[in-house]
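Heavy-atom basis, side chains included; hydrogens, waters and symmetry copies ignored. Residue numbers count from 1 along this sequence.
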Amino acid sequence: MMYRTVKEIAAAWKEDKRLYVKRSTMAAYVLILENHVLPYFGESNSLHEQAVQAFVLQKLGTGLSVKTVKDILIVLKMVMKFGVKNEWMTYSEWDIKYPTTSASKELDVLSVINHRKILNYIQGHFTFTGLGVYISLNTGMRIGEICALKWGDINAEEGIISVHRTIERIYIIEGEKKHTELVIDTPKTKNSRREIPMSKDLLAIIKPLKKVVNDEFYVLTNDERPTEPRTYRNYYNALMEKLGVPKLKYHGLRHSFATRCIEAGCDYKTVSVLLGHSNISTTLNLYVHPNMEQKKRCIARMLSSLRK
């Protein structure tokens, strides 16, 4: 067997992988390799569990989240499997332990009062940029999907928004050269391509606009050039400050939409499809945390059905 270093295997893996994944995905992989994997494992020619476990603890010690570290390990495992396939490395099985956190992190969502406050403000002070926030709160669309939304994606007759585009700025590393690039592409996963019905209130805003806008223009700018997520995030943060709403990431609007759906008793599968999750377990893990009242109601319902 011709042993090679992780650095050499990673270089060959990149060239191979590039043929099969989206540019934005590849850019994320390269970033993980450059920032985390190669500085630590670059000169190694094996990836034993002990070394990977030490790496995980070191990364968590620098403040990275468990999710981020798991994403890094996904890339590390792909590189190892590529090395094994080409007989440049031996396969190692890992059973990585993560320190247990005392409490699960609460999702940041808007209170019902602030949710309503934002919707009312945008309705009363219409701007195209404000409309994006309004759409996010009514549909759970991601910021990249909102920035890439064109008028042609909105069917006012049927009351449906079609999501089949996203926009993001990706960080490209090519040898010594590093630069960023704005990329408009298909959404995150095939499930992210979806159709979302509009609420009555949203439709009331959209219908008159659709008669006069150009279908090729982007909704947020009402122009042929889009806004990029970073710029839109700045607009959103300024709007929240103006309205006196506690700091909340833009992604919190998506969480707020989903939480309101669950609170209203919508079935989980429908919420999952609306959000474009690739499987229902993502939705359940994120949003379904029944409180004591719900647990009591569930048991009471079960017992009453027994008595019938």
Side-chain angles (χ1 to χ4, degrees), residues 65 67 101-124 130-146 149 154 159-163 187-189 191-206 232-233 236-237 239-305:
S65 69
K67 185 194 178 302
T101 47
S102 50
S104 64
K105 196 171 165 291
E106 281 289 297
L107 265 186
D108 282 340
V109 298
L110 290 166
S111 66
V112 173
I113 289 169
N114 282 329
H115 198 136
R116 214 175 275 131
K117 184 187 202 175
I118 298 165
L119 292 176
N120 290 343
Y121 177 82
I122 294 168
Q123 266 179 318
L131 182 57
V133 171
Y134 196 91
I135 294 172
S136 276
L137 280 173
N138 273 272
T139 62
M141 283 170 67
R142 302 176 179 95
I143 191 165
E145 295 168 341
I146 287 286
L149 188 67
I154 302 177
I160 287 169
I161 294 178
S162 298
V163 181
K188 214 171 167 187
T189 63
N191 295 73
S192 294
R193 295 181 75 125
R194 60 202 189 277
E195 293 191 329
I196 308 172
M198 288 185 273
S199 66
K200 271 203 197 101
D201 289 352
L202 178 55
L203 203 49
I205 296 172
I206 296 285
Y232 197 53
R233 211 171 264 118
Y236 159 77
N237 289 334
L239 177 66
M240 294 303 104
E241 204 174 314
K242 182 179 176 178
L243 294 178
V245 173
K247 269 201 153 111
L248 176 77
K249 285 182 178 167
Y250 193 95
H251 206 69
L253 301 183
R254 179 171 163 82
H255 292 322
S256 301
F257 166 79
T259 302
R260 297 292 104 83
C261 288
I262 300 289
E263 287 168 354
C266 303
D267 75 278
Y268 305 143
K269 179 63 184 167
T270 303
V271 177
S272 182
V273 170
L274 284 170
L275 292 169
H277 284 158
S278 45
N279 56 52
I280 194 168
S281 63
T282 309
T283 316
L284 295 173
N285 292 339
L286 270 175
Y287 303 111
V288 184
H289 307 291
N291 59 28
M292 192 51 74
E293 275 311 302
Q294 287 166 297
K295 291 176 192 172
K296 284 177 182 170
R297 275 205 304 273
C298 173
I299 289 173
R301 210 177 281 163
M302 180 272 292
L303 289 171
S304 73
S305 73

Closest approach of [X] and [Y], non-hydrogen atoms and distance?
X	Y	value
Val109	Leu248	N-CD1, 4.0 Å
Glu195	Ser162	OE2-OG, 3.7 Å
Arg254	Gly140	NH1-O, 2.7 Å
Cys261	Val271	CB-CG2, 3.8 Å
Ile154	Met198	CG2-CE, 3.5 Å
Thr139	Ile161	CG2-CD1, 4.2 Å

Verify whether one side chain among His277 and Thr283 offers a donor that lies under 3.5 Å from an acceptor in the other.
->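 Result is yes, a qualifying pair exists.
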[atom1]-[atom2] distance between [X] and [Y], expressed to the nearest 0.5 angstrom:
X	Y	atom1	atom2	value
Ile118	Ser136	CD1	OG	11.0 Å
Met141	Arg194	CE	CZ	6.5 Å
Ile146	Ile143	CD1	CD1	9.0 Å
Arg142	Ser192	CZ	OG	4.0 Å
Leu119	Leu202	CG	CG	9.5 Å
Lys269	Ser272	NZ	OG	5.0 Å

Would you please name every residue forming a side chain to side chain donor-acceptor pair (under 3.5 Å) with Ser281, sequence neighbours left out?
->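 For Ser281, the residues satisfying side chain to side chain donor-acceptor pair (under 3.5 Å) (neighbours in sequence not counted) are Asn279.
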Contacts of type side chain to side chain donor-acceptor pair (under 3.5 Å), residue Lys247, not counting sequence neighbours |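 Not a single residue meets the side chain to side chain donor-acceptor pair (under 3.5 Å) criterion with Lys247.
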Run through Asn138, Leu110, Leu275 and flag the one making a side-chain contact (heavy atoms from CB on, under 4.5 Å) with Phe257.
->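 Only one option passes, and that is Leu275.
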Heavy atoms from other residues, nucleotides or ligands near CD of Glu263 exceed 12 (cutoff 6.0 Å) |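 Check passes, neighbour count above 12.
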Over 12 foreign heavy atoms within 6.0 Å of CG, Leu303 =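 Correct, the count exceeds 12.
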Do the side chains of Ile205 and Gln123 get nearer than 4.5 Å, heavy atoms only?
->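 Yes, close enough: below the 4.5 Å cut-off.
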Any side-chain heavy atom of Pro197 sitting closer than 4.5 Å to one from Leu274?
->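 Counting from C-beta outward, Pro197 and Leu274 do come under 4.5 Å.
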Go through the steps to decide whether Arg260 and Val112 satisfy the test side-chain contact (heavy atoms from CB on, under 4.5 Å), and finish with yes or no.
-> CA-CA 8 Å; Arg260 297 292 104 83; Val112 173; 3.8 Å; yes
Can you name the residues that form a ring pair (Phe, Tyr, Trp, His ring centres under 6.0 Å) with Tyr250, not counting sequence neighbours?
->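 With sequence neighbours excluded, Tyr250 shows a ring pair (Phe, Tyr, Trp, His ring centres under 6.0 Å) to Tyr232, Tyr236, given in chain and number order.
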